[in-house]
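To keep things clear, I will list the structure first and then write my remarks on it.
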Amino acid sequence: MGAISEERLAEMDEQFRQWQEAALDRLMPGRQGPVPSPPVFSPEELSAWGDAFAAKVEERIASGFGGRHAYDRHKVQINAINQARIEADRSVALVQTSVVEEHLRSAIERHFPGLATDPKVIERIFDPMKNGPLSTFTARVDVAFALGIIGKGALTTLKKIAEIRNLFAHRLEINSFDHPEITKLVGKLTYIDFAITGPDDEGIVHIWQRNPNNEVRGGSGYRVIDNPLSQRGKFERTCEFLQRALRETLSNVRHPDLHE
């Protein structure tokens, strides 16, 4: 059998919808008669229908991220972070900071009306190969503060993250979060208050985050063995908190996780 046409996929959608409605109707109190059998599709049709459904779901998810490009970048970032986690501490520091930097850039770009008319100009501003004024992490942090995207506390924390990244990148003898210089800097990442509850019956502990406005954020689950608030864990949790907050920022709206 050849490729399943869009028309056939639409017919299958309608057949499934009608069956669903009929089945639900029969299950209502007081209804009589057997539940109707579901429509029968060939294996090829089921495979194509499943692929089409998955594509629709992914498109909805992409829309929630602001479009396909933003969603694809998010997947690249998550893949890079997951890969770094199975590598050395240096990889974690470099990748987590790079993802923060990307979200920082995106948050700044949302304040630039010229992005819609000439994106190449904006690209040059951030391009390190062309000595763009916002090509460095610290420059982006300063501009984000100047634009009101972040507050003083986030400004200080982001610069500590930049210091940690730079030590890992430029000091070959520093290859662990347990190095005294790294430990000292991680100890200064106090912008977000973390707490652990658990472990629960399944051996899972939950990390709770309290932002500068004293609002509690979700309790992500981790295995006890992962030690989520080790030196490395605290650095990762702080980066992840800031990545999410920066991704959610809107122009001219103060984000509660980024301001005191």
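Please read these numbers as outputs of a predicted model, since none were measured by experiment.
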Requested in this report: Report yes if some heavy atom in the side chain of Ile150 is under 4.5 Å from a heavy atom in the side chain of Leu246; otherwise report no.
Outcome: yes
(request) Would you kindly say whether Glu14 and Gln18 are connected by a side-chain donor-acceptor distance under 3.5 Å? (result) yes
*asked:* Does this structure show an ion pair linking Glu109 with Arg105, if we count only N-O contacts that are shorter than 4.0 Å?
replied: yes
When rounded to the nearest 0.5 Å, the distance separating OG of Ser135 from CD of Glu101 is 9.0 Å
Q: Let me see the working for Val141 and Phe145 under side chain to side chain contact (heavy atoms under 4.5 Å, CB included), right down to the final yes or no.
A: CA-CA 6 Å; Val141 173; Phe145 177 73; 5.8 Å; no
Quiz item: Got Lys159 and Asp142 here, is their nearest side-chain heavy-atom distance under 4.5 Å?
Solution: yes
I want to check something: taking the side chain as every heavy atom from C-beta on, are Thr183 and Phe177 in contact at a cut-off of under 4.5 Å?
no
Using a distance-only test with no angle check, is there a side-chain donor-acceptor pair under 3.5 angstrom linking Gln243 and Gln96? yes
Would Arg110 and Leu250 count as a side chain to side chain contact (heavy atoms under 4.5 Å, CB included) if you check the C-alpha gap in whole Å, the side-chain angles of each, and the deciding distance to 0.1 Å?
-> CA-CA 7 Å; Arg110 288 194 283 275; Leu250 300 172; 5.6 Å; no
In this structure, CD1 of Ile164 is separated from CD of Gln231 (nearest 0.5 Å) by 9.0 Å
| query | Do any N or O atoms from the side chain of Arg165 and from the backbone of Thr97 form a donor-acceptor pair under 3.5 angstrom? | reply | no
Glu6 CD: over 12 foreign heavy atoms closer than 6.0 Å: no
Note to self: Pair Thr138, Leu158 - check side chain to side chain contact (heavy atoms under 4.5 Å, CB included), show working.
What the structure shows: CA-CA 8 Å; Thr138 52; Leu158 286 164; over 6 Å; no
Here the pair of heavy atoms bringing Ala52 nearest to Leu9 is CB-CD1, 4.1 Å
When rounded to the nearest 0.5 Å, the distance separating CG of Leu104 from OG of Ser98 is 12.0 Å
Check: When clusters are formed by joining ILVMFWY residues with side-chain heavy atoms under 4.5 Å apart, either directly or through shared neighbours, do Leu242 and Leu94 land in the same one?
Finding: no
Counting only N and O atoms by type, is there a donor-acceptor contact under 3.5 Å from the side chain of Arg90 to the main-chain atoms of Phe168? yes
Would you say the side-chain atoms of Thr249 pair up with the backbone N or O of Ala107, donor to acceptor, closer than 3.5 Å?
no
_For Glu181, is there an ion pair with Arg171 - N to carboxylate O distance below 4.0 angstrom?_
yes
In terms of heavy-atom contacts, Leu134 and Arg140 come closest through O-NE, 2.6 Å
Rounded to the nearest 0.5 angstrom, the CG-CD1 distance for Asp127 and Ile122 is 13.0 Å
**Request:** Could you tell me whether Glu21 and Arg17 have a side-chain N and a carboxylate O separated by less than 4.0 Å?
**Result:** yes
The reported gap from CG in Leu155 to CD1 in Ile149 (rounded to nearest 0.5 angstrom) is 12.0 Å
- Are Glu236 and Arg232 ion-paired here, with the side-chain N under 4.0 Å from a carboxylate O? yes
Value for CD1 (Ile4) from OG (Ser47), rounded to nearest 0.5 Å, stands at 9.0 Å
Run the side chain to side chain contact (heavy atoms under 4.5 Å, CB included) check on Ile161 and Phe235 step by step: do they pass?
CA-CA 8 Å; Ile161 289 172; Phe235 175 83; 4.0 Å; yes
Tightest non-hydrogen contact, residues Ser176 and Ile182, listed as O-CG1, 3.8 Å
>> Could you check whether Lys120 pairs with Glu123 (Lys NZ or Arg NE/NH1/NH2 to Asp/Glu carboxylate O, under 4.0 Å)?
In response: no
Under a 3.5 Å threshold, yes or no: a donor from one side chain and an acceptor from the other, between Arg247 and Ser106? no
Nearest heavy-atom approach of Tyr191 to Leu258 is OH-C, 3.0 Å
